[in-house]
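Shown next, in structure tokens, is the structure this report addresses.
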Amino acid sequence: MTKTAQAFFRKPLSLAFYFCMSLVACKSTQVEKAADENSFQIVVLPDTQYYTALKHGGTMEMFEEQIKWIKQNQAAEKIAYVAHVGDIVDHGRAKPEEWDRARKVLYQLEAPTKDLPYGIPYGVAVGNHDQTPNGNPTDSSTRVGFEQFFGRKHFEPRPYYGGAHGSSDSNDNHYDLFSAGGLDFLVLYLEYNEPGDSEYNAALEKEVHDWAESILTKHAKRKAIIVSHSILARPAGSKSNEVAGTGNNSTPSKFTPQGKSIYERFKKFPNVFMMLSGHRSGEGLRRDEFNGNVIKSFLADYQSRTSEPGKRNGGNGLMRLMKFDLKAQTISVRTMAPRANGNHLWEEDEDSQFTVPLFK
């Protein structure tokens, strides 16, 4: 047989081998892609008021490193969304420089990337320190500051932004929409309006809750997360407000007055499965079930933490990573503080790093 003939008869084998290996590679890629789509994360930013106020040991570097880490790790960590639980600043409208600091840092999330032309989707809750007077939930209380930099007009061009309550530029109560892991989500933000506070507004609470019900009804097929500044207090006996690494989830948190009001109003909606909050210093978790639907509430607020007795650190840059594993049907929580030198701080006690069922 000539070399030409030998080459001719070798070709089918080579082509078949190449075709077979291509199928294996394609199948492997498909498996990896399917596994990749089974999970994603959201990041929770607790109260940043002492970073922007440069107070109680808080620094802007702590805030900046949080956002820098999120941006640098968005793809690798599959970060789909970022939620800030409120108290962006400490002094409401009294110190505009705090809002300017917050704007410069949070706006970095909006930088477009190849896969995210509008940046990383994010939302911000209104805390009592974002309002003037403190705790006043009316539109006028956030017109200077929050409305200027995080108002409706700022977010409306972004495709993940759903809308807001009322007809002004107020964004105090608003919602976002995002999809990840083959599921569609609604993130509903409700402003601080605490029953029992001197500035509590019952009529506005009803109006806002009526609006929120309409949004939950309209998007009934979306899994809903409620974010509000005040929902949980730390569990009785917990020292997680000041001391790191000593907590556990053996004792459930109690609702704050506003948290109780929110839960009682929206527990009937089967698409609501999670609530996120800050405000009360410490870490906490509780699970409630109504008509077969489970809602888990999470507290993360580190503003009263101390590096040593009597020396506060303003929150130390701590934030929450929440991994949604759709195959295992779990949420895994990690708590960390990014550091510029790469020596990131991880809290691994039982109320800082834990796993709970996703929808049960």
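Both backbone and side-chain heavy atoms feed into the values below; hydrogens, waters and symmetry mates do not.
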Using distance alone, with no hydrogens and no angle criterion, decide if [X] and [Y] have a side-chain donor and acceptor under 3.5 Å apart.
{"X": "E350", "Y": "N248", "answer": "no"}
{"X": "E110", "Y": "Y122", "answer": "yes"}
{"X": "Q41", "Y": "R334", "answer": "yes"}
{"X": "D115", "Y": "T113", "answer": "no"}
{"X": "H165", "Y": "D172", "answer": "no"}
{"X": "H279", "Y": "D87", "answer": "no"}
{"X": "Q353", "Y": "T335", "answer": "no"}
{"X": "T355", "Y": "T330", "answer": "no"}
{"X": "T306", "Y": "E242", "answer": "no"}
{"X": "N171", "Y": "Y161", "answer": "yes"}
{"X": "S304", "Y": "N241", "answer": "no"}

Shared hydrophobic cluster for [X] and [Y] (ILVMFWY, side-chain gaps under 4.5 Å):
{"X": "L106", "Y": "F146", "result": "yes"}
{"X": "L285", "Y": "V294", "result": "no"}
{"X": "F298", "Y": "I226", "result": "no"}
{"X": "F155", "Y": "W211", "result": "no"}
{"X": "I225", "Y": "I295", "result": "no"}

Within the side chain of [X], is there an N or O that forms a donor-acceptor pair under 3.5 Å with the backbone of [Y]?
{"X": "R339", "Y": "H344", "result": "no"}
{"X": "R101", "Y": "T52", "result": "yes"}
{"X": "W99", "Y": "I88", "result": "no"}
{"X": "S352", "Y": "E348", "result": "no"}
{"X": "N341", "Y": "N343", "result": "yes"}
{"X": "S240", "Y": "E283", "result": "yes"}
{"X": "E289", "Y": "N293", "result": "no"}
{"X": "S332", "Y": "K323", "result": "no"}
{"X": "D325", "Y": "K327", "result": "yes"}
{"X": "K296", "Y": "K360", "result": "yes"}

From CA spacing to verdict: side chain to side chain contact (heavy atoms under 4.5 Å, CB included), F354, I331: CA-CA 8 Å; F354 57 93; I331 299 174; over 6 Å; no
Qualifying residues under side-chain hydrogen bond (donor to acceptor under 3.5 Å, both in side chains), relative to N73, sequence neighbours excluded: none
Face-on cation placement of K223 at F359 ring, 6.0 Å and 45° thresholds: yes
Ring-face cation contact, F255 with R286, 6.0 Å cut, 45° max: yes
Can you name the closest pair of heavy atoms from [X] and [Y] and give their distance?
{"X": "D301", "Y": "Q303", "value": "OD2-NE2, 2.7 Å"}
{"X": "S170", "Y": "A164", "value": "O-CB, 3.6 Å"}
{"X": "R93", "Y": "S141", "value": "NH2-CA, 3.9 Å"}
{"X": "T142", "Y": "D130", "value": "CG2-O, 3.8 Å"}
{"X": "A220", "Y": "N271", "value": "O-CB, 3.5 Å"}

Aromatic plane relationship, W346 with W69 - under 30° parallel, 30 to 60° tilted, over 60° perpendicular: perpendicular
Geometric class of the Y189/H174 ring pair [parallel <30°, tilted 30-60°, perpendicular >60°]: parallel
Would you call [X] and [Y] a side-chain contact if the rule is heavy atoms closer than 4.5 Å?
{"X": "V89", "Y": "H129", "value": "no"}
{"X": "T256", "Y": "R280", "value": "yes"}
{"X": "L204", "Y": "P137", "value": "yes"}
{"X": "L299", "Y": "I231", "value": "no"}
{"X": "N128", "Y": "H229", "value": "yes"}
{"X": "M322", "Y": "I42", "value": "yes"}
{"X": "V85", "Y": "L45", "value": "no"}
{"X": "F185", "Y": "F273", "value": "yes"}

Show which side-chain atoms of residues 54-61 pair as donor or acceptor with protein atoms under 3.5 Å away, not counting sequence neighbours.
| unit_1 | atom_1 | unit_2 | atom_2 | d |
| --- | --- | --- | --- | --- |
| K55 | NZ | D90 | OD2 | 2.8 |
| T59 | OG1 | M62 | N | 3.3 |

Basic-acidic side-chain contact under 4.0 Å: [X], [Y]:
{"X": "E156", "Y": "R158", "value": "no"}
{"X": "K206", "Y": "D210", "value": "yes"}
{"X": "R265", "Y": "E213", "value": "yes"}

For residues 257-264, which side-chain donor-acceptor pairs fall under 3.5 Å, sequence neighbours excluded?
| unit_1 | atom_1 | unit_2 | atom_2 | d |
| --- | --- | --- | --- | --- |
| Q258 | OE1 | N193 | N | 3.0 |
| Q258 | NE2 | E191 | O | 2.9 |
| K260 | NZ | E264 | OE2 | 3.0 |
| S261 | OG | E205 | OE2 | 3.0 |
| E264 | OE1 | K267 | NZ | 2.7 |

Verdict with reasoning, R143 to D139, per salt bridge (Lys or Arg N to Asp or Glu O under 4.0 Å): CA-CA 6 Å; R143 196 162 293 150; D139 287 356; 5.2 Å; no
Separation between CG of L116 and CD1 of I120, rounded to the nearest 0.5 Å: 6.5 Å
Under 4.5 Å side-chain linkage, directly or through intermediates, the cluster mates of Y118: none
Remaining members of hydrophobic cluster (4.5 Å side-chain criterion), Y302: L318, L345
ring-ring contact (aromatic ring centres under 6.0 Å, His included) pairs, two or more places apart, involving residues 71-92: Y81-F178
